[in-house]
Amino acid sequence: MIKLKTPDDIQVMRAGAQILGKAHAEVAKRVAPGVKTKELNRVADEFIRDHKGVPSFIGFGGFPFALCISVNDQVVHGFPGEYVLKEGDIVSVDCGVQYEGLHTDSAYTYPLPGARPEVLQLLERTMDSLYLGIDQAKAGNRTGDIGFAVQSYVEKFGYGVVRELVGHGLGKSLHEDPEVPNYGKRGKGVKLVPGMVIAIEPMINMGTRRVVAERDGWTIRTADNKPSAHFEHTVAIFADSTEILTTHEYIESSYTYKWRNKSR
Ligand code: MG
Ligand code: MG
(Lines give C-alpha, C1' and ligand atoms only; values in the text may rest on other atoms or scores of the structure.)
(Ligands and ions follow the chains in the order given, each with its own letter.)
Protein backbone atom coordinates (compact mmCIF):
# COMPACT_ATOMS: atom_id res chain seq x y z
CA MET A 1 0.00 0.00 0.00
CA ILE A 2 1.31 3.43 -0.95
CA LYS A 3 1.10 6.06 1.78
CA LEU A 4 0.92 9.56 0.35
CA LYS A 5 2.53 12.40 2.25
CA THR A 6 0.87 15.67 3.20
CA PRO A 7 2.56 19.04 2.60
CA ASP A 8 3.32 19.09 6.33
CA ASP A 9 4.97 15.67 6.12
CA ILE A 10 7.10 16.87 3.24
CA GLN A 11 8.08 19.98 5.16
CA VAL A 12 9.34 17.77 7.99
CA MET A 13 11.20 15.57 5.50
CA ARG A 14 12.89 18.68 4.03
CA ALA A 15 14.18 19.49 7.49
CA GLY A 16 15.30 15.90 8.07
CA ALA A 17 17.04 15.89 4.71
CA GLN A 18 19.09 18.92 5.75
CA ILE A 19 20.33 17.05 8.81
CA LEU A 20 21.07 14.07 6.59
CA GLY A 21 22.99 16.18 4.07
CA LYS A 22 25.07 17.74 6.83
CA ALA A 23 25.72 14.36 8.46
CA HIS A 24 27.04 13.22 5.08
CA ALA A 25 29.26 16.31 5.02
CA GLU A 26 30.81 15.36 8.37
CA VAL A 27 31.68 12.05 6.76
CA ALA A 28 32.96 13.77 3.61
CA LYS A 29 35.43 15.82 5.68
CA ARG A 30 37.00 12.60 6.92
CA VAL A 31 37.06 10.34 3.87
CA ALA A 32 40.78 9.91 3.17
CA PRO A 33 43.47 7.25 3.03
CA GLY A 34 44.31 5.97 6.52
CA VAL A 35 40.83 6.44 7.99
CA LYS A 36 38.91 3.50 9.45
CA THR A 37 35.36 3.15 8.18
CA LYS A 38 34.06 2.86 11.76
CA GLU A 39 35.24 6.44 12.34
CA LEU A 40 32.96 7.63 9.53
CA ASN A 41 30.06 5.82 11.17
CA ARG A 42 30.86 7.38 14.53
CA VAL A 43 30.77 10.97 13.26
CA ALA A 44 27.54 10.48 11.32
CA ASP A 45 25.79 8.80 14.24
CA GLU A 46 26.88 11.56 16.61
CA PHE A 47 25.93 14.38 14.24
CA ILE A 48 22.45 12.99 13.61
CA ARG A 49 21.71 12.55 17.33
CA ASP A 50 23.12 16.01 18.14
CA HIS A 51 20.57 17.45 15.71
CA LYS A 52 17.50 15.71 17.11
CA GLY A 53 17.48 12.98 14.50
CA VAL A 54 17.74 9.21 14.82
CA PRO A 55 19.92 7.14 12.48
CA SER A 56 17.31 5.29 10.40
CA PHE A 57 19.40 2.23 9.67
CA ILE A 58 20.17 1.17 13.24
CA GLY A 59 17.91 -1.75 14.01
CA PHE A 60 16.30 -1.74 10.56
CA GLY A 61 15.96 -5.45 9.89
CA GLY A 62 18.63 -5.82 12.58
CA PHE A 63 21.26 -3.67 10.85
CA PRO A 64 23.66 -2.51 13.55
CA PHE A 65 25.10 0.81 12.29
CA ALA A 66 24.13 4.36 11.31
CA LEU A 67 25.87 4.01 7.96
CA CYS A 68 26.18 1.36 5.32
CA ILE A 69 29.76 1.63 4.10
CA SER A 70 30.59 -0.41 1.04
CA VAL A 71 34.10 -0.39 -0.40
CA ASN A 72 35.20 -1.24 -3.97
CA ASP A 73 33.42 -4.45 -5.03
CA GLN A 74 30.94 -4.15 -2.17
CA VAL A 75 27.67 -2.87 -3.59
CA VAL A 76 25.61 -1.93 -0.52
CA HIS A 77 24.92 -2.77 3.15
CA GLY A 78 28.59 -3.01 4.15
CA PHE A 79 29.45 -2.77 7.84
CA PRO A 80 31.62 0.09 9.10
CA GLY A 81 34.57 -1.39 10.96
CA GLU A 82 38.34 -1.78 11.13
CA TYR A 83 38.89 -1.47 7.38
CA VAL A 84 41.36 1.34 6.66
CA LEU A 85 40.64 3.33 3.50
CA LYS A 86 43.50 3.46 1.03
CA GLU A 87 44.44 5.27 -2.15
CA GLY A 88 42.52 4.07 -5.17
CA ASP A 89 39.51 2.82 -3.18
CA ILE A 90 35.95 3.86 -3.78
CA VAL A 91 33.62 3.99 -0.81
CA SER A 92 29.85 4.17 -0.87
CA VAL A 93 28.29 5.84 2.16
CA ASP A 94 24.56 5.32 2.59
CA CYS A 95 22.73 7.09 5.42
CA GLY A 96 19.18 7.58 6.61
CA VAL A 97 17.75 10.01 9.14
CA GLN A 98 14.51 9.76 11.02
CA TYR A 99 13.40 13.23 12.06
CA GLU A 100 10.08 13.89 13.78
CA GLY A 101 8.97 10.41 12.79
CA LEU A 102 9.78 10.60 9.07
CA HIS A 103 12.73 9.11 7.18
CA THR A 104 14.94 10.44 4.42
CA ASP A 105 17.66 8.40 2.74
CA SER A 106 20.64 9.26 0.53
CA ALA A 107 23.91 7.77 -0.64
CA TYR A 108 27.11 8.96 -2.29
CA THR A 109 30.13 7.05 -3.57
CA TYR A 110 33.51 8.69 -2.99
CA PRO A 111 36.60 7.93 -5.00
CA LEU A 112 39.80 8.27 -3.03
CA PRO A 113 42.77 9.85 -4.76
CA GLY A 114 44.36 7.31 -7.06
CA ALA A 115 41.11 5.72 -8.24
CA ARG A 116 41.53 4.58 -11.85
CA PRO A 117 40.00 6.76 -14.59
CA GLU A 118 37.56 4.01 -15.59
CA VAL A 119 36.38 3.80 -11.99
CA LEU A 120 35.85 7.57 -11.84
CA GLN A 121 33.86 7.21 -15.04
CA LEU A 122 31.68 4.52 -13.42
CA LEU A 123 30.95 6.90 -10.55
CA GLU A 124 30.22 9.87 -12.79
CA ARG A 125 27.89 7.83 -15.00
CA THR A 126 26.11 6.27 -12.03
CA MET A 127 25.49 9.76 -10.67
CA ASP A 128 24.26 10.85 -14.10
CA SER A 129 21.88 7.88 -14.16
CA LEU A 130 20.44 8.96 -10.81
CA TYR A 131 19.51 12.34 -12.27
CA LEU A 132 18.17 10.76 -15.45
CA GLY A 133 15.96 8.63 -13.22
CA ILE A 134 14.87 11.68 -11.22
CA ASP A 135 13.95 13.46 -14.47
CA GLN A 136 11.40 10.68 -15.05
CA ALA A 137 10.05 10.80 -11.49
CA LYS A 138 7.07 13.00 -12.20
CA ALA A 139 3.35 12.72 -11.64
CA GLY A 140 1.70 10.61 -14.34
CA ASN A 141 4.85 8.64 -15.15
CA ARG A 142 5.46 5.15 -13.84
CA THR A 143 8.26 3.49 -11.91
CA GLY A 144 9.23 1.71 -15.14
CA ASP A 145 10.03 5.09 -16.71
CA ILE A 146 12.59 5.69 -13.96
CA GLY A 147 14.07 2.21 -14.28
CA PHE A 148 14.22 2.44 -18.04
CA ALA A 149 16.04 5.78 -17.91
CA VAL A 150 18.68 4.40 -15.54
CA GLN A 151 19.12 1.06 -17.25
CA SER A 152 19.20 2.24 -20.85
CA TYR A 153 21.83 4.85 -20.00
CA VAL A 154 24.26 2.70 -18.02
CA GLU A 155 23.97 -0.48 -20.10
CA LYS A 156 25.35 1.47 -23.08
CA PHE A 157 28.66 1.41 -21.25
CA GLY A 158 28.53 -2.32 -20.60
CA TYR A 159 27.73 -1.86 -16.92
CA GLY A 160 25.47 -4.16 -14.92
CA VAL A 161 22.34 -2.92 -13.16
CA VAL A 162 21.79 -4.65 -9.81
CA ARG A 163 18.31 -6.21 -9.77
CA GLU A 164 18.12 -7.66 -6.28
CA LEU A 165 18.03 -4.27 -4.58
CA VAL A 166 15.81 -1.38 -5.57
CA GLY A 167 14.70 2.11 -4.62
CA HIS A 168 11.59 2.51 -2.50
CA GLY A 169 8.92 4.72 -1.06
CA LEU A 170 9.65 6.10 2.38
CA GLY A 171 8.01 8.12 5.13
CA LYS A 172 7.05 6.78 8.53
CA SER A 173 8.93 3.64 7.49
CA LEU A 174 12.33 3.63 5.86
CA HIS A 175 11.07 1.25 3.20
CA GLU A 176 7.52 1.64 1.91
CA ASP A 177 5.79 0.88 -1.34
CA PRO A 178 6.33 1.25 -4.18
CA GLU A 179 9.52 -0.51 -5.18
CA VAL A 180 11.57 1.60 -7.58
CA PRO A 181 13.78 -0.73 -9.64
CA ASN A 182 16.76 0.60 -11.59
CA TYR A 183 15.64 -1.40 -14.62
CA GLY A 184 12.33 -1.60 -16.39
CA LYS A 185 10.14 -0.73 -19.31
CA ARG A 186 8.69 2.64 -20.20
CA GLY A 187 5.04 2.99 -19.21
CA LYS A 188 5.14 -0.04 -16.88
CA GLY A 189 5.09 -0.29 -13.11
CA VAL A 190 3.39 1.79 -10.45
CA LYS A 191 1.96 5.16 -11.45
CA LEU A 192 3.51 8.15 -9.72
CA VAL A 193 1.06 10.55 -8.11
CA PRO A 194 1.37 13.79 -6.14
CA GLY A 195 2.26 13.16 -2.50
CA MET A 196 4.52 10.20 -3.21
CA VAL A 197 8.01 10.36 -1.73
CA ILE A 198 10.50 7.88 -3.13
CA ALA A 199 14.18 7.07 -2.87
CA ILE A 200 15.87 6.56 -6.24
CA GLU A 201 19.16 4.73 -5.89
CA PRO A 202 20.98 3.21 -8.85
CA MET A 203 23.48 0.50 -7.88
CA ILE A 204 25.65 0.06 -10.94
CA ASN A 205 28.42 -2.51 -11.41
CA MET A 206 31.38 -2.08 -13.71
CA GLY A 207 31.01 -5.70 -14.81
CA THR A 208 28.36 -8.32 -14.25
CA ARG A 209 25.06 -7.33 -12.68
CA ARG A 210 25.22 -10.46 -10.54
CA VAL A 211 25.81 -9.99 -6.83
CA VAL A 212 26.52 -12.26 -3.87
CA ALA A 213 26.09 -11.85 -0.12
CA GLU A 214 29.13 -11.94 2.13
CA ARG A 215 29.32 -14.15 5.18
CA ASP A 216 28.16 -11.41 7.55
CA GLY A 217 24.70 -11.90 6.00
CA TRP A 218 24.44 -8.22 5.05
CA THR A 219 27.19 -7.02 2.75
CA ILE A 220 26.37 -7.39 -0.93
CA ARG A 221 29.25 -7.50 -3.38
CA THR A 222 29.71 -8.04 -7.08
CA ALA A 223 30.05 -11.65 -8.22
CA ASP A 224 33.10 -10.77 -10.38
CA ASN A 225 34.74 -8.52 -7.75
CA LYS A 226 34.67 -5.53 -10.06
CA PRO A 227 33.77 -2.17 -8.51
CA SER A 228 30.22 -0.95 -7.94
CA ALA A 229 28.81 2.56 -7.46
CA HIS A 230 25.73 3.79 -5.62
CA PHE A 231 24.11 7.23 -5.50
CA GLU A 232 20.75 7.99 -3.94
CA HIS A 233 18.32 10.84 -3.40
CA THR A 234 14.91 11.08 -1.75
CA VAL A 235 12.46 12.96 -3.96
CA ALA A 236 8.90 14.27 -3.49
CA ILE A 237 6.40 14.20 -6.34
CA PHE A 238 4.05 17.16 -6.75
CA ALA A 239 1.39 17.75 -9.39
CA ASP A 240 3.60 19.96 -11.55
CA SER A 241 7.09 19.39 -10.21
CA THR A 242 9.44 17.06 -8.39
CA GLU A 243 11.66 18.18 -5.56
CA ILE A 244 14.91 16.53 -4.57
CA LEU A 245 14.63 16.65 -0.79
CA THR A 246 18.08 15.28 0.01
CA THR A 247 21.27 17.01 -1.04
CA HIS A 248 24.82 16.14 -2.03
CA GLU A 249 25.85 19.79 -1.99
CA TYR A 250 27.34 19.69 1.48
CA ILE A 251 29.27 16.56 0.56
CA GLU A 252 30.72 18.17 -2.53
CA SER A 253 31.73 21.35 -0.73
CA SER A 254 33.29 19.36 2.14
CA TYR A 255 35.18 16.63 0.30
CA THR A 256 38.69 17.82 -0.45
CA TYR A 257 39.33 15.56 -3.45
CA LYS A 258 37.54 17.34 -6.31
CA TRP A 259 37.08 14.38 -8.60
CA ARG A 260 34.31 15.49 -10.92
CA ASN A 261 35.06 17.44 -14.11
CA LYS A 262 31.63 18.94 -14.35
CA SER A 263 29.30 20.52 -11.88
CA ARG A 264 25.62 19.83 -11.78
MG1 MG B 1 20.04 4.57 1.27
MG1 MG C 1 17.29 3.66 0.07
Side-chain angles (χ1 to χ4, degrees), residues 2-3 5 13 16-28 31 37 40-41 44-45 47-48 53-71 74-80 90-99 102-110 123 126-127 129-131 133-134 137 143 146-147 150 161-183 190 192 196-204 211 218-221 228-237 242 244-248 250-251:
I2 293 168
K3 294 176 187 144
K5 276 73 201 177
M13 295 176 87
Q18 286 295 306
I19 299 167
L20 173 56
K22 290 172 185 170
H24 268 296
E26 292 304 306
V27 172
V31 170
T37 56
L40 305 179
N41 181 75
D45 189 306
F47 184 90
I48 292 165
V54 178
S56 299
F57 296 174
I58 296 179
F60 184 76
F63 191 81
F65 300 101
L67 300 181
C68 296
I69 298 188
S70 309
V71 180
Q74 296 175 342
V75 179
V76 286
H77 301 168
F79 283 5
I90 58 171
V91 56
S92 152
V93 175
D94 192 353
C95 187
V97 165
Q98 182 184 21
Y99 177 71
L102 293 162
H103 295 270
T104 51
D105 188 5
S106 76
Y108 190 93
T109 303
Y110 299 84
L123 267 51
T126 302
M127 186 189 280
S129 78
L130 168 61
Y131 289 96
I134 291 171
T143 53
I146 298 172
V150 171
V161 176
V162 174
R163 306 287 180 105
E164 289 81 354
L165 300 138
V166 296
H168 49 93
L170 68 172
K172 285 185 179 158
S173 301
L174 178 62
H175 285 180
E176 298 182 357
D177 289 338
E179 291 197 340
V180 185
N182 297 301
Y183 59 93
V190 174
L192 305 174
M196 281 175 71
V197 177
I198 56 175
I200 302 176
E201 49 177 317
M203 289 153 260
I204 308 299
V211 295
W218 275 101
T219 311
I220 305 294
R221 70 174 173 75
S228 183
H230 179 211
F231 290 87
E232 177 180 28
H233 274 312
T234 299
V235 307
I237 315 277
T242 294
I244 305 176
L245 299 178
T246 48
T247 176
H248 292 155
Y250 305 129
I251 290 177

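Counting convention: from 1, in listed order, for ligands and their atoms alike. Note that these values count all heavy atoms, side chains included, but never hydrogens, waters or copies made by symmetry. Residue numbers run from 1 in the order of the sequence given.
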query: Checking only N/O/S atoms, does H168 have one that is under 2.8 Å from the Mg ion (ligand 2)?
result: yes
- request: Determine yes or no for a side-chain-to-main-chain donor-acceptor pair under 3.5 angstrom, with S70 supplying the side chain and G78 the backbone.
  value: yes
- prompt: So, does S56 use its side chain to make a donor-acceptor pair with the main chain of Q98 at under 3.5 Å?
  reply: yes
- request: Restricting to N/O/S, name the atom of E201 that gets closest to the Mg ion (ligand 2).
  value: OE2
- request: Give the name of the N/O/S atom in E232 that lies closest to the Mg ion (ligand 2).
  value: OE2
- prompt: Applying the side chain to side chain contact (heavy atoms under 4.5 Å, CB included) test to H248, which of H24, H233, E232 qualifies?
  reply: H233
- prompt: Of the non-hydrogen atoms in P55 and I48, which two are nearest, and what is the gap between them?
  reply: N-CG2, 3.7 Å
query: Quick one: angle D105 OD1 - the Mg ion (ligand 1) - D94 OD2, to the nearest 10°?
result: 150°
